[in-house]
Colleague: 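Have a look at this one before I ask anything.
Computed from a prediction, not measured in an experiment: that's the story for all the values here. In what follows, every heavy atom counts, from backbone to side chain, and hydrogens, waters and symmetry copies are set aside. Convention: sequence-line order gives letters A, B, ...; per-chain numbering from 1.
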2 protein chains.
Amino acid sequence: IIKLREACKVYRLGDISVEALKKVDLDIDKGEFTAVMGSSGSGKSTLMNILGCLDTVTSGDYFLDGQNVNSLSKDEYAEIRNKKIGFVFQGFNLLPRTTALENVELPLFYSRHINKNDYNSLARNALIRVGLEDRMHHEPNKLSGGQQQRVAIARALVNNPAMILADEPTGNLDTATSLDILSIFQELNAQGITVILVTHEPDIAKYAGRIITLRDGIILSDEKTGDT
Amino acid sequence: IIKLREACKVYRLGDISVEALKKVDLDIDKGEFTAVMGSSGSGKSTLMNILGCLDTVTSGDYFLDGQNVNSLSKDEYAEIRNKKIGFVFQGFNLLPRTTALENVELPLFYSRHINKNDYNSLARNALIRVGLEDRMHHEPNKLSGGQQQRVAIARALVNNPAMILADEPTGNLDTATSLDILSIFQELNAQGITVILVTHEPDIAKYAGRIITLRDGIILSDEKTGDT
Ligand SMILES: Nc1ncnc2c1ncn2[C@@H]1O[C@H](COP(=O)(O)OP(=O)(O)OP(=O)(O)O)[C@@H](O)[C@H]1O
Ligand SMILES: Nc1ncnc2c1ncn2[C@@H]1O[C@H](COP(=O)(O)OP(=O)(O)OP(=O)(O)O)[C@@H](O)[C@H]1O
Ligand SMILES: [Mg+2]
Ligand SMILES: [Mg+2]
């Protein structure tokens, strides 16, 4: 489902450039459960943003489901991002003056095959699933850090995307809550959904079938975990 | 240095109230290294905000260094917060259109005993200490999540406060970088600085001398770790 070929990402800030990804080659099959690890600043979020169609490569190619993302029109690109991919941002990116429920409903407005009457119940179910049944009407600044993180997770799941990209989804969660979230990802993966999650915790990464480790913008290692 | 007596915190949202802390009693001595754990939503950040003079109790008393915080004027309260306490926020709270260096210099403007000519070098040193020597002139949206977290940490250390309160300071950091940060806290603690850190990772918590666990706004347990 994912093919990166010689993917490079360079950020330019005035006259300095930061090479965040350097000629990365990567293949991920449909239905895999992959973890991405690496030290702070090694390029994980940059990689995820490219895979999630939130940012483009500076050079190289990204094929998603066989299509070269470069050849897509702006509309097609946005369509893929909204319909095929559920993205959990490292910084949550929730809308501030908007309740948890409204935040989770948002992706549903982009989907054309879901009945408007179902938005509310789909969003409610996603929030119940991440343990936020009694926080639905709270706005983000009235939620704890881990609750905000879980709203971001619920939002990524709500329109049942083909692929879930989660950037440090358990960084603000205690162990028990993290395992609840992981078992949600495992369940979705068992239904055929491709899951890629960035984590800095080895105990979380071992739930994946494969661990890719980045360092300074390159893939340092790519190992099966022996867990499917 | 810290005494909480029957501290309660109630958040009111329209006609619902959330009891985030329920009659909490707590004593922390000067120079202790304490970890605070507990599940998402259990009241850790609420407790930290009260201890850090960022929020007040709804009822009960908070004595900081022997002084009842309720009896302080607004100016005295702000003074304590800016001079005695270094706070690392769970959500970083960095100023957006401001470089890492400028963000870290900010607390120095509140200190009256530090020479203005030293602001730049003190801030630079704090950033070098957290490994961000080559990111000083980046603004937050040009930094990785873990780099933003480290700017927030550097900012909390820069004016050598008597007490450091860190809310999930390693939530976005890989293991190696987390241990670097922890050894900074240990070093400061060895110099007599009181350190309180919220973490959801038991491996991080064991570096503290004492672990306080919250659940639903109460202290569930309070244990020495046998590590000093
Ligand atoms: N401003 C607010 N208004 C209403 N409720 C709030 C507010 N801030 C926090 N809460 C609620 O108070 C409870 C405690 O929040 P707190 O942020 O202290 O939790 P926490 O232990 O830090 O959680 P986490 O580990 O997820 O960061 C949560 O259930 C949260 O929903
Ligand atoms: N918009 C940007 N402009 C310039 N440099 C950037 C920008 N975004 C990221 N960087 C730099 O690119 C590098 C990779 O960033 P990235 O966010 O991918 O790291 P990461 O592996 O996700 O780190 P973390 O674990 O801390 O979240 C970092 O060194 C960062 O400073
Ligand atoms: Mg990142
Ligand atoms: Mg918190």
Colleague: Is B/Glu168 close to chain A through its backbone or its side chain, or both, or neither, when contacts mean heavy atoms under 4.5 Å?
Modeller: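 Interface part for B/Glu168: side chain.
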Colleague: Does a sphere of radius 6.0 Å around CZ in A/Arg124 hold more than 12 heavy atoms from other residues, nucleotides or ligands, not counting ones at 6.0 Å or beyond?
Modeller: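 No, not enclosed.
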Colleague: Under a 4.5 Å heavy-atom cutoff, which of A/Gln148, A/Arg150, A/Gln149 has the most pairs with chain B?
Modeller: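 When all of A/Gln148, A/Arg150, A/Gln149 are compared, A/Arg150 has the most.
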Colleague: Would you please name every residue forming a side-chain hydrogen bond (donor to acceptor under 3.5 Å, both in side chains) with B/Asn103, sequence neighbours left out?
Modeller: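 Not a single residue meets the side-chain hydrogen bond (donor to acceptor under 3.5 Å, both in side chains) criterion with B/Asn103.
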Colleague: Given that the side chain runs from C-beta out, which part of A/Leu143 has a heavy atom under 4.5 Å from chain B: side chain, backbone, both or neither?
Modeller: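 Contact with chain B: none, neither part.
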Colleague: So with a 6.0 Å cut-off around NZ of A/Lys84, is the heavy-atom count from everything else above 12?
Modeller: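 Result for NZ/A/Lys84: enclosed.
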Colleague: Under 4.5 Å heavy-atom distance to chain A, tell me which part of B/Thr170 shows up: side chain, backbone, both or neither.
Modeller: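 It is the backbone, since no side chain atom gets that close.
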Colleague: Considering heavy atoms only, which positions within residues 171-180 of chain B lie below 4.5 Å of chain A?
Modeller: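 The list, in residue order, reads B/Gly171, B/Asn172, B/Leu173, B/Asp174, B/Thr175, B/Thr177.
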Colleague: Select, from B/His200, B/Glu201, B/Met37, the one with the greatest count of heavy-atom pairs under 4.5 Å involving chain A.
Modeller: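 That would be B/His200.
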Colleague: Within residues 38-50 of chain B, which positions have a heavy-atom distance to chain A below 4.5 Å?
Modeller: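 Expected list: B/Gly38, B/Ser39, B/Ser40, B/Gly41.
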Colleague: Determine whether more than 12 heavy atoms belonging to other residues, nucleotides or ligands lie under 6.0 Å from atom OH of B/Tyr11.
Modeller: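 Enclosed: over 12 neighbouring heavy atoms sit under 6.0 Å from OH of B/Tyr11.
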Colleague: How about B/Lys3: does its NZ atom have over 12 heavy atoms from other parts shown lying under 6.0 Å from it?
Modeller: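 12 or below, so no.
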Colleague: Using a 6.0 Å cut-off, check whether atom NZ of A/Lys23 has over 12 heavy atoms from anything other than its own residue.
Modeller: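 12 or below, so no.
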Colleague: Which members of residues 134-141 of chain B, sorted by number, sit under 4.5 angstrom from chain A on a heavy-atom basis?
Modeller: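 When heavy atoms of chain A are the reference, residues 134-141 of chain B contributes B/Arg135, B/His138 within the under-4.5 Å range.
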Colleague: Side chain, backbone, both or neither: which part of B/Val198 has an atom under 4.5 Å from a heavy atom of chain A?
Modeller: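 Interface part for B/Val198: neither.
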